[in-house]
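The block underneath contains the structure these notes are about, expressed in structure tokens.
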Amino acid sequence: MLQPEVLNPPRLSSTPFEPPTASRELVAMMYRYVAALLVCTCVPVVAEPNGNFEGTVVGVVDGDTLDVSTGAHVYRVRLAAIDAPERSQAFGQRAKQELAAIVHGRPVSLRCDKKERRPEGQRSREICTVFSGGRDVNLLQVSQGWAWHYKAYAREQSSGDRSAYDGAEEAARANRRGLWGDPHAMAPWEYRREAGRSKGGGQ
């Protein structure tokens, strides 16, 4: 009678299994990808301001434009509902200086309703009402005679704000404050239109 053959079980190797080189590289690549993904999800994303936010004024561009830092990002802010003289225009530098005296280096609160559409390559601006020490800075520029109430956009204001800005401009005109000391002061939108015509050869 034939005896069954006893098979010796294979010996387990004490050497740990190592995947082929290509497999090791693939695993390493996957680990790097996952690590990078985790890092990306932990980095705070700079969000566009939505409604109210606070910051510190770190720059004054002109009489109606500021740079405001939130600590994470610097936003360029266009003061809503007003229009100050251009920097190259009469009273332009003075309007900038007066705005800087009110807000530069100081904390401000902003109420932003929209973002300005700008040509490609130009920095976008948030359109905001700026408050410093409880004061409406936009309105203050108008009442002190360093900006016009920008009536082309007055429809975007509340009726109360629209009335306040209208009254501030009328009082500044009547009392010859700021640029209203010049009876021939040119509105910034007219100045820009004239400058555009000059660049276009007078057409």
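Positions are given from 1 along the sequence.
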Looking at [X] and [Y], what are the two nearest heavy atoms and their distance?
X: Glu54; Y: Thr70; value: O-CG2, 3.6 Å
X: Asn138; Y: Cys128; value: ND2-O, 3.1 Å
X: Pro85; Y: Ala90; value: CB-O, 3.6 Å
X: Val58; Y: Ser69; value: CG1-CB, 3.8 Å
X: Leu179; Y: Ala147; value: CD2-N, 4.2 Å
X: Gln141; Y: Ala95; value: NE2-O, 3.4 Å

> Does some side-chain heavy atom of Gln97 sit less than 4.5 Å from a side-chain heavy atom of Val60?
Replying inline: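 When only atoms from C-beta onward are counted, Gln97 and Val60 do not touch, as no gap falls below 4.5 Å.
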Quick check: does any side chain N or O of [X] sit under 3.5 Å from a backbone N or O of [Y], one acting as donor and the other as acceptor?
X: Gln89; Y: Met186; value: yes
X: Glu170; Y: Gly167; value: no
X: Arg176; Y: Ala172; value: no

To the nearest 0.5 Å, what is the distance between [atom1] ([X]) and [atom2] ([Y])?
X: Asn175; Y: Arg177; atom1: CG; atom2: CZ; value: 4.5 Å
X: Cys112; Y: Asn52; atom1: SG; atom2: CG; value: 8.0 Å
X: Leu99; Y: Arg94; atom1: CG; atom2: CZ; value: 13.0 Å
X: Ile127; Y: Glu116; atom1: CD1; atom2: CD; value: 4.5 Å
X: Phe91; Y: Glu98; atom1: CZ; atom2: CD; value: 11.5 Å
X: Thr129; Y: Asp161; atom1: OG1; atom2: CG; value: 6.5 Å

> Does the side-chain contact (heavy atoms from CB on, under 4.5 Å) test come out yes or no for Leu110 and Tyr75, once each step is laid out?
Replying inline: CA-CA 11 Å; Leu110 301 97; Tyr75 293 100; over 6 Å; no
>> Is the distance between the ring centroids of Trp146 and Trp180 under 6.0 Å?
In response: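 That pair fails the under 6.0 Å test.
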> Out of curiosity, does Phe131 fall in the hydrophobic cluster containing Ile102 (side-chain heavy atoms, cut-off under 4.5 Å, transitive links)?
Replying inline: no
>> Given Val142, which partner from the list Asp136, Ile82, Asp166 fulfils the side chain to side chain contact (heavy atoms under 4.5 Å, CB included) test?
In response: Ile82
Quick one: do [X] and [Y] make a salt bridge, cutoff under 4.0 Å?
X: Glu194; Y: Arg197; result: yes
X: Lys114; Y: Glu156; result: yes
X: Lys96; Y: Asp64; result: no

> Please walk me through it: do Asp67 and Val57 pass side-chain contact (heavy atoms from CB on, under 4.5 Å)?
Replying inline: CA-CA 6 Å; Asp67 285 335; Val57 176; over 6 Å; no
>> Angle between ring planes, Tyr165 versus His149, binned at 30° and 60°: parallel, tilted or perpendicular?
In response: tilted
>> If we check side-chain hydrogen bond (donor to acceptor under 3.5 Å, both in side chains) with Thr65, which of these qualifies: Arg78, Arg125, Arg76?
In response: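 Of all the options given, the one that passes is Arg125.
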> For residues Tyr191 and Asp83, is any side-chain donor paired with an opposing acceptor at under 3.5 Å?
Replying inline: no
> What's the verdict on side-chain contact (heavy atoms from CB on, under 4.5 Å) for Thr56 and Val68, showing C-alpha distance, side-chain angles and the deciding distance?
Replying inline: CA-CA 5 Å; Thr56 301; Val68 178; 6.0 Å; no
